[in-house]
Amino acid sequence: MELKEGKGLDVLNELKERGFVEQVTDEEGLGEYLSSPSTCYIGFDPTADSLHVGSLVPILSLVHMQRYGHRPIVIVGGGTGLIGDPSGRTEMRKLLSRDDIDRNALGIKNQLARFLNFDDGKALFLNNADWLTPLNYIDFLRDIGCHFSVNRMLATESYRMRLEQGLTFIEFNYMLLQAYDFYYLAKEYSCFLQMGGSDQWGNIVAGVDLIRRKLGKRAYGMTFPLITTASGSKMGKTAQGAVWLSEEKTSVFDFYQYWVNTDDRDVVRFLKLFTFLPLEEIHKVENLTGEQLNPLKRILAYEVTALVHGHERAKEAYLSACKTFGFIEIGADILPSSSIPRAILDEVSDAIPVTMINKEKIDEGVSIVDLFVETGLCNSRSAAKRLIEQGGAYVNDRRVVDIHEKLKKDLFVGGSLLLKAGKKRIHRVRLE
RNA sequence: GGAGAGGUUCCCGAGUGGCCAAAGGGAGCAGACUGUAAAUCUGCCGGCUUGCGCCUUCGGAGGUUCGAAUCCUCCCCUCUCCA
């Protein structure tokens with residue numbers, strides 16, 4: 001990963017131009033802070049063992065920081081995860097066990113290692129359980145609690161919406177703990193910038209205040225906008241659930257497809273947010289409309305997939321999609337920095353998710369309905385039948401009309417067969 | 001601890017003894033149209049079944065009844081007011 005030369009304002013400007021910045025506590029001061037190599041941090045909740053598309057913005061902001069020579073710190077909330085952040089929630093979070101949290105933290109760390117360089121302390125991965133669990137309740141109240149005004153806490157957006165629903169005391173403490181994290185990092189790691197989602201504003205500001213009071217130093221906060229799609233839904237949510245960054249949870253092909261299916265209105269915005277393609281190049285394609293956006297969508301999908309899964313896997317997904325949806329020439333002048341293959345390649349690569357099936361089973365013929373269920377393309381046999389009745393089921397690109405159809409061996413061309421649910425969801429079945 | 005209100009299928013939300021697998025909306029899925037877009041239109045949208053139909057569901061457990069999401073009892077949970 002190449003390093004960028006530049007002053008603090010440059011990172012800030014790049015982040016702003018790319019749409020990463022919602023709010024900053026003190027823009028001028030922050031610019032100054034970032035004018036020399038500095039440290040910044042973001043906390044991630046260990047609520048699952050994988051991050052999803054929604055976490056991409058925070059992750060990539062840290063990557064930008066590292067590229068400009070700053071030191072990102074990732075905090076995994078091993079301690080705060082035991083509490084549960086009420087921000088942006090209308091219901092209390094499910095409390096996780098310690099084991100769950102530890103396992104999730106590990107998964108998250110492995111994923112982040114794909115994005116950030118953790119060598120030689122260029123980025124740090126810390127677990128706040130290390131300093132939160134040893135805290136003594138009485139000491140904490142006296143040292144930290146005395147700096148917080150309940151009146152002001154209640155006035156914050158994050159708590160106000162919860163006051164209608166009910167808020168437990170354990171959750172009410174979350175803000176103090178996160179503020180303490182920031183204070184601790186400022187003290188121990190000279191980290192004076194915290195970033196986070198817009199729902200974190202209250203927690204971040206609390207930390208900034210605490211640092212001022214305890215250390216007499218100036219700290220900064222920055223929040224990212226909540227990224228929604230043009231049609232109004234949250235990023236990374238589909239009927240199947242979240243779009244995950246881990247291959248086990250969301251196949252590379254599906255991941256790629258998620259991005260190709262981006263709404264027209266979002267394409268340029270997403271190129272800025274989710275790829276590292278130079279802004280000058282993106283500016284040049286900003287005015288493309290209609291069908292011309294298709295190459296951009298493919299590039300967007302390719303680039304994001306490459307960031308998350310690597311170029312090889314991205315290429316496979318891209319070529320698999322081309323096989324199904326057709327190849328279009330992507331001009332060399334369109335976003336030239338992208339390494340998407342621009343010529344027709346006839347490599348035999350395949351990123352379509354695969355299910356293996358026992359050979360013996362096929363001999364007596366396997367029911368088409370069962371196969372759709374087994375591959376996960378349908379949730380139940382009823383759903384599979386419905387799909388067929390509605391004409392959305394395909395075997396090797398032939399529409400299935402009969403619910404009772406049994407698939408025989410001869411349909412397995414070269415030992416494999418292609419199932420489609422609708423026009424976009426594809427699955428391969430191989431004999432073993 | 002006391003008083004009241006409430007917990008319905010993915011979400012919101014109707015339903016107060018049979019016509020309820022449960023209105024309506026949203027989300028989602030499929031089809032048509034397209035550009036793997038959006039919008040629109042049509043259909044679907046608990047499970048099993050070719051189908052007649054059968055099974056499971058209305059916070060939980062019991063009960064009344066030929067029959068319960070609807071009535072009764074106990075329990076759990078949430079909210080509001082009071083302490």
Side-chain angles (χ1 to χ4, degrees), chain A residues 86 89-95 160-169 171 228-243 251-271 285 288-302 304-305 317-330 334 340 351-352 367-370 372-395 397-406 418-427:
Chain A
R89 286 287 177 133
T90 50
E91 274 170 37
M92 184 161 169
R93 286 173 194 255
K94 207 178 128 228
L95 292 180
R160 228 181 327 146
M161 58 185 281
R162 279 303 296 277
L163 284 177
E164 287 161 29
Q165 296 294 314
L167 178 73
T168 60
F169 187 65
E171 294 177 285
T228 50
T229 62
S231 47
S233 52
K234 249 191 194 172
M235 270 313 277
K237 294 280 183 209
T238 69
Q240 271 72 41
V243 178
S251 80
V252 180
F253 182 76
D254 291 340
F255 186 85
Y256 172 90
Q257 281 295 315
Y258 172 77
W259 291 96
V260 183
N261 286 310
T262 296
D263 191 295
D264 280 13
R265 295 164 286 179
D266 291 326
V267 175
V268 169
R269 187 162 59 103
F270 286 0
L271 279 168
V285 298
L288 296 183
T289 52
E291 219 172 322
Q292 296 171 302
L293 287 170
N294 282 342
L296 298 190
K297 290 183 185 180
R298 292 179 185 211
I299 291 175
L300 171 67
Y302 177 85
V304 185
T305 309
Y318 170 64
L319 293 174
S320 299
C322 280
K323 272 190 223 160
T324 339
F325 299 107
F327 180 83
I328 50 169
E329 187 86 34
I330 298 175
I334 301 175
I340 191 169
I352 295 173
S367 133
I368 181 76
V369 170
D370 287 336
F372 270 98
V373 175
E374 245 172 85
T375 53
L377 287 171
C378 293
N379 291 328
S380 67
R381 294 172 55 79
S382 296
K385 285 174 191 166
R386 224 175 281 135
L387 185 74
I388 294 168
E389 275 164 7
Q390 296 183 136
Y394 298 83
V395 172
D397 286 321
R398 171 181 59 82
R399 182 177 270 178
V400 180
V401 286
D402 181 12
I403 295 179
H404 308 286
E405 183 166 335
K406 300 254 183 201
L418 207 60
L419 290 184
K420 278 212 240 178
K423 301 222 157 105
K424 296 184 206 166
R425 284 153 56 224
I426 306 174
H427 208 101

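Here is the naming used below: chain letters follow the sequence lines, and residue numbers restart at 1 for every chain.
Look at NZ on A/Lys423: it is 7 Å from C1' on B/G31, rounded to the nearest Å. At whole-Å resolution of the value, CD in A/Glu389 and C1' in B/G51 are 11 Å apart. Spacing between atom CZ of A/Arg425 and atom C1' of B/G28 amounts to 10 Å, rounded to whole angstrom units. Spacing between atom NZ of A/Lys420 and atom P of B/C29 amounts to 16 Å, rounded to whole angstrom units. Distance A/Gln292 CD to B/U36 P: 15 Å, rounded to the nearest Å. One can place CG of A/Leu293 at 13 Å from P of B/G35, the figure rounded to the nearest angstrom. As a whole-Å value, the separation of A/Leu387 CG from B/G28 C1' is 14 Å. Computed from coordinates, the A/Ile388 CD1 to B/G31 P distance equals 13 Å when rounded to whole Å.
Spacing between B/C74 and B/C29 at atom P, rounded to whole Å, works out to 46 Å. One P atom belongs to B/G47, the other to B/U34, and the distance between them is 33 Å to the nearest Å. Separation of the C1' atoms belonging to B/U70 and B/U65 is 13 Å when rounded to the nearest angstrom. If you take atom C1' in B/A32 and the same atom in B/G26, they sit 23 Å apart, rounded to whole Å. For the C1' atoms, the distance linking B/C79 with B/C19 amounts to 35 Å, nearest Å. Nucleotides B/A14 and B/G24 place their P atoms 15 Å apart, quoted to the nearest Å. If you take atom P in B/G1 and the same atom in B/C48, they sit 45 Å apart, rounded to whole Å. Taking atom P in both B/C10 and B/C81, one finds a spacing of 31 Å when rounded to whole Å.
Across all strands shown, B/C20 remains unpaired; no Watson-Crick or G-U wobble contact has both distances below 3.5 Å. B/C52 makes up no base pair with any nucleotide shown, lacking Watson-Crick or G-U wobble contacts both under 3.5 Å. Here B/A68 sits opposite no nucleotide as a Watson-Crick or G-U wobble pair (both hydrogen-bonding atom distances under 3.5 Å). Judged by Watson-Crick or G-U wobble contacts below 3.5 Å, the nucleotide B/G4 has B/C79 as its partner. Under the Watson-Crick and G-U wobble criteria, each requiring two contacts below 3.5 Å, nucleotide B/C74 is paired to B/G60. For B/G28, the paired nucleotide is B/C44, the pair qualifying as Watson-Crick or G-U wobble because both relevant distances are below 3.5 Å. Shown here, B/A38 forms no base pair; nothing in the strands shown gives a Watson-Crick or G-U wobble contact with both key distances under 3.5 Å.
Using a 4.0 Å heavy-atom distance criterion, A/Gly290 is classed as a base contact. Looking at heavy-atom distances under 4.0 Å, A/Gln257 makes contact with a base.
Judged by distance alone, with hydrogens and angles left aside, the side-chain atoms of A/Ser320 form a donor-acceptor pair with the main-chain N or O of A/Ala351 at under 3.5 Å. Side-chain atoms of A/Gln292 come within 3.5 Å of backbone N or O of A/Thr289 as a donor-acceptor pair. Distance alone, capped at 3.5 Å, is enough to place a donor-acceptor pair between the A/Asn261 side chain and the A/Gln257 backbone.
Along RNA chain B, the nucleotide nearest to A/Cys322 and the one nearest to A/His404 differ in position, and the one closer to the 5' end is contacted by A/Cys322. Both A/Val373 and A/Ala321 sit near RNA chain B, but only A/Ala321 has its closest nucleotide nearer the 5' end.
Looking at A/Asp254 and A/Tyr258, their side chains never come closer than 4.5 Å, going by heavy atoms from C-beta outward. For the pair A/Ile352 and A/Lys323, the minimum side-chain heavy-atom distance is 4.5 Å or more. Residues A/Cys322 and A/Arg298 have side chains in contact (heavy-atom distance under 4.5 Å, counting atoms from C-beta outward). Residues A/Lys420 and A/Thr324 have side chains in contact (heavy-atom distance under 4.5 Å, counting atoms from C-beta outward). Using a 4.5 Å heavy-atom threshold, the side chains of A/Val373 and A/Ser380 count as separate.
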Checklist entry - Step by step, would you call A/Val400 with A/Tyr394 a side chain to side chain contact (heavy atoms under 4.5 Å, CB included)? => result CA-CA 5 Å; A/Val400 180; A/Tyr394 298 83; 5.8 Å; no
Item to check | Sequence-aligned protein contact record of nucleotides 37-47 of chain B, with B where the base is within under 4.0 Å of a protein heavy atom and S where only the sugar-phosphate is | outcome: BS----BSS-S
